[in-house]
Protein chains: 2
Amino acid sequence: MNPMTAARSPFTSPSDSPRLGLRERKKIKTRETIRAATYALIREQGYDATTIEQIAERAEVSPSTVFRYFPTKEDIVLTDEYDPLMLEELRNRPADEPWMESVRHILRLATDALMAEDPEVIRMRAHLGITVPAVRARMYESMSQTGRMLRAAIGERAGLDPDGLEVRVCAMSLVGGLMEVNMAWAENDFKDDLPAMLERALDVMEHGLPTEKP
Amino acid sequence: MNPMTAARSPFTSPSDSPRLGLRERKKIKTRETIRAATYALIREQGYDATTIEQIAERAEVSPSTVFRYFPTKEDIVLTDEYDPLMLEELRNRPADEPWMESVRHILRLATDALMAEDPEVIRMRAHLGITVPAVRARMYESMSQTGRMLRAAIGERAGLDPDGLEVRVCAMSLVGGLMEVNMAWAENDFKDDLPAMLERALDVMEHGLPTEKP
DNA sequence: CATGAAATGAGAGTAGCTCTCAAAATATTG
DNA sequence: CAATATTTTGAGAGCTACTCTCATTTCATG
């Protein structure tokens, strides 16, 4: 099985779904082919040097088709199918569990699933995030979308208005902090232990900065 | 005095600086002319409908010149000269003041200065941030730059490594939360009181979500 | 005023992205 | 199986942000 195929989703692999009709199956395959071609080309020549035309050529489709499947070039590299899954996992947590504890739990789950799939792609994305501004911008955008999704969960857990300022700030500040973990991880060439970093980050956001140690 | 001119900086107005040589003065004027033209056109026809060519035409410069002054179209609208000033203000705070208290203080200062200058431009920027994806992306980028600048200040205040994960997460989570305040403010058509919102946001980030009120 | 340096304008070129329309592939129905 | 309807694709034209180069103009300086 192609690693790219496996990378599409951490929990379930949509390409081996029950019979979907030829059309649907072909569409999924085309999507994955385009993505695989993109990753390969970027590995070979870098992000900027890789044009849509090249991607189309290697994926054996027309440039039009590439844009039909992905709205922008960045979207070919960055696709988040994780959010809804994490959200569901979050809702499945016991309602009386402390909020931050639930976050810790699903983050452990998510990182495990992620790294089990295709660590190289994960690292490549993070690396593109710190080197290519356009990719980074797209990451921030999806970060704020994640924040928006979190509102509902936070709101119902805390018994607050999901669209109230407090919940919004809480959600955004959380995902912002998590984003920074990802950046720091990539900037340090993935040498550090990601789960441990996440724990430290959550500690900071929960209890504030540690007291100074001289 | 042109309102656009005043909007360039909240603390000092660089265009009426001591004799700078004709060249320098002309450069500043051109910058402001381009920005004013851009704002005017966007007001008339919206962001996307406004092309660089139109901007150049109204500002009476060539398109090349526009790009010489601003790297991207978004940068014409969004220019942060505030960061360094806020950073300096932050350093001037007493070293034993609680960290969050300092933040509250400079935020009060910044909002006051901002709104005193040209509220319409401020609102327009925030509005573009929630309507134009490219502008929003640029805002996120400068948000993370602000976060990066904050690291040093936070680090020295807390006696921690400015590049350590804890400080990074703290900074990013803070600016993320503040960014969300700006978004919420704009989404609610600027009807709410910005300083009050900032207070509430800082409360959340300092003490967590308020206990539920049934 | 003359010489050197910097700013500008003109123009060509690239690439991402949109739109349209006809051809090809697939689904559906008699 | 044949015929028709629907979807997907490819080809190509077109727009715009953005880059680069080079000649011309504008300002600074001795």
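Just so it is clear: chains get the letters A, B, ... in the order the sequence lines come, proteins before strands, and each one is counted from 1. Source: prediction; values computed, not measured.
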Tell me whether the OP1 or OP2 atom of [N] has a side-chain N or O from [X] closer than 4.0 Å.
X	N	value
A:Tyr69	D:dT8	no
B:Thr65	C:dT8	no
B:Lys26	C:dA7	no

Whole-Å gap separating [atom2] ([N]) and [atom1] ([X]):
X	N	atom1	atom2	result
B:Ile76	D:dC18	CD1	P	8 Å
B:Glu24	D:dA28	CD	P	9 Å
A:Arg25	C:dA27	CZ	C1'	13 Å
B:Ile52	C:dT8	CD1	P	16 Å
A:Glu53	D:dG12	CD	C1'	12 Å
A:Lys73	C:dT14	NZ	C1'	12 Å
A:Phe70	C:dC17	CZ	P	13 Å
B:Phe67	C:dG13	CZ	P	18 Å

Q: Take B:Tyr69 and B:Arg35, measure what side-chain contact (heavy atoms from CB on, under 4.5 Å) needs, and give me the verdict at the end.
A: CA-CA 10 Å; B:Tyr69 278 82; B:Arg35 230 198 305 250; over 6 Å; no

Q.
Could you check whether A:Ser144 and B:Arg136, counting side-chain N and O atoms only, form a donor-acceptor pair closer than 3.5 Å?
A. no

Q.
Less than 3.5 Å apart, any donor N or O on the side chain of A:Ser102 or A:Arg157 sitting next to an acceptor on the other?
A. yes

Q) If each of B:Pro71 and A:Lys27 is mapped to the nucleotide of DNA chain D with the nearest heavy atom, which maps nearer the 5' terminus, i.e. the 5' end? A)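 Upstream on the strand: A:Lys27.
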
Q | Spatial distance of atom OG1 (B:Thr30) from atom CZ (B:Arg25) [nearest 0.5 Å] | A |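 Result: 12.5 Å between the selected atoms.
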
Q: For A:Ala59 and A:Thr33, work out which heavy atoms get closest and say how close.
A: O-CG2, 3.9 Å

Using the side-chain heavy atoms of [X], tell me which of these nucleotides is nearest: [options].
X	options	value
A:Arg68	C:dG16, C:dG9, C:dT20	C:dT20
B:Arg23	D:dC27, C:dG16, C:dG9	D:dC27
A:Ser62	D:dG10, C:dG9, C:dC17	D:dG10

(Q) Taking the nucleotide of DNA chain C with the nearest heavy atom to each, does A:Thr51 or B:Pro63 sit closer to the 5' end? (A)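 This one resolves to B:Pro63.
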
Q) Hey, is the side chain of A:Ser64 pairing donor to acceptor with the base of D:dA11 inside 3.5 Å? A) yes

